[in-house]
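Accompanying notes for the structure given below.
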Amino acid sequence: MTTVEKNALYSKVFSYLTTPLLVGLFLYGLNKKFGKTIKNWLFASFWNRAMKEYHSTMREMKKSHFDSMQSHKSADVELRKKSVLRILEIGAGPGANFEFFPKNSKLMIVEPNAFFEPMFYENQHKYPDIKMEKFIINSAEDMKEIEDNSVDVVVSTLVLCSVTSVEKSVKEVHRVLVSGGKYYYWEHVHDKAGTWLHFIQSILTPLWSFLFDGCNLNRSIDQTVLGCKVFSQVQQKRFDIPLKKGVWGMVRVHVMGQATK
Ligand SMILES: C[S@@+](CC[C@H](N)C(=O)[O-])C[C@H]1O[C@@H](n2cnc3c(N)ncnc32)[C@H](O)[C@@H]1O
């Protein structure tokens, strides 16, 4: 091969390599800078539609889970006289739980995905008896905007699977609750050890977490709540949701609980 032919070959190889390399670098940069934003936007857009079946199927069960909130009294004397309850919901998403909150509630939200905020307010219009106090863009692990002993009730549904630390989040929930305040949680959990589902949930978690915004299939949230040993009383029970097909099968084991400070 002559030098001219060699140079022509090198420049051909170089031109073949540079385009994918530049595209790769561009995508990498894009992912580094905007990856989280794009993921948050995708998740917020997909969540509402994906969860229609879940919410309609679970509605009655959730209603009875939250039922005792209707008779829960605020620790604040003035608010109690007016039958107002201070509720904090963590990871509210587009607002799936308005219908379970007592009328006259004052609601605060802590939600890290800002793309949910407009959807949440759109939903809130349908519940004019619930007064929005604040929508805080932050995570449950560090709710510094909320004072100690300042809310009567904390709610989370399908959130602790995604937080960075369940223990930190539960301790924060405990910090912001007044004495006698209640934490209502409703979460999917790792099936008991020795079952096929337990095994599949364990091996599928890395991929699942990548696809579904950091959701972990392998968390024993009920054990962590108990293990934190911060609440004076914890009542919780595991149950299977009636949805079993497709992806629902992976999250069919749930826990519903009420923890009292
Ligand atoms: C699976 S969605 C559930 C949404 C809603 N609670 C429901 O029941 O439909 C999980 C929610 O938790 C939020 N989330 C994720 N990590 C969180 C964290 N560290 N602190 C609080 N919320 C978080 C997500 O942004 C999302 O809104």
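A quick note: this is a predicted structure, and the numbers were derived from the prediction, not measured. Atoms within each ligand, like the ligands themselves, are counted from 1 in listed order.
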_Of the listed options S156, G214, P112, closest to atom 17 (C) of ligand 1 (non-hydrogen atoms)_ = P112
*Using a strict 4.0 Å threshold on nitrogen-to-oxygen distance, state whether E133 and K131 make a salt bridge.*
yes
*G91 N/O under 3.5 Å from ligand 1 N/O*: yes
*Do you see a donor-acceptor pair shorter than 3.5 Å between the side chains of Y184 and S68?*
yes
_A96-ligand 1 polar pair, N/O distance under 3.5 Å_ = no
*Subset of ligand 1 atoms that lie under 4.0 Å from at least one heavy atom of N113*: 25 (O)
*Looking at ligand 1, does any of its N/O atoms fall within less than 3.5 Å of an N/O of T164?*
no
_Which of the numbered atoms in ligand 1 are under 4.0 angstrom from any heavy atom belonging to L158?_
1 (C), 2 (S), 3 (C), 10 (C)
*Contact check, side chains of K261 and S232, non-hydrogen atoms, under 4.5 Å*: no
*Identity of the nearest option to atom 24 (C) of ligand 1, non-hydrogen atoms only, from H55, E111, E187, M58*: E111
*asked:* Using a 4.0 Å cut-off to any heavy atom of G93, which atoms of ligand 1 qualify?
replied: 27 (O)
_Pair D222 + R238: basic N to acidic O under 4.0 Å_ = yes
*So E99 and R59, salt bridge (Lys or Arg N to Asp or Glu O under 4.0 Å) or not? Walk me through it.*
CA-CA 10 Å; E99 63 178 301; R59 191 161 175 250; 2.7 Å; yes
_D213, T157, V166: member with heavy atom nearest to atom 8 (O) of ligand 1_ = T157
*For ligand 1, is E141 a contact, meaning one of its heavy atoms is under 4.0 Å away?*
yes
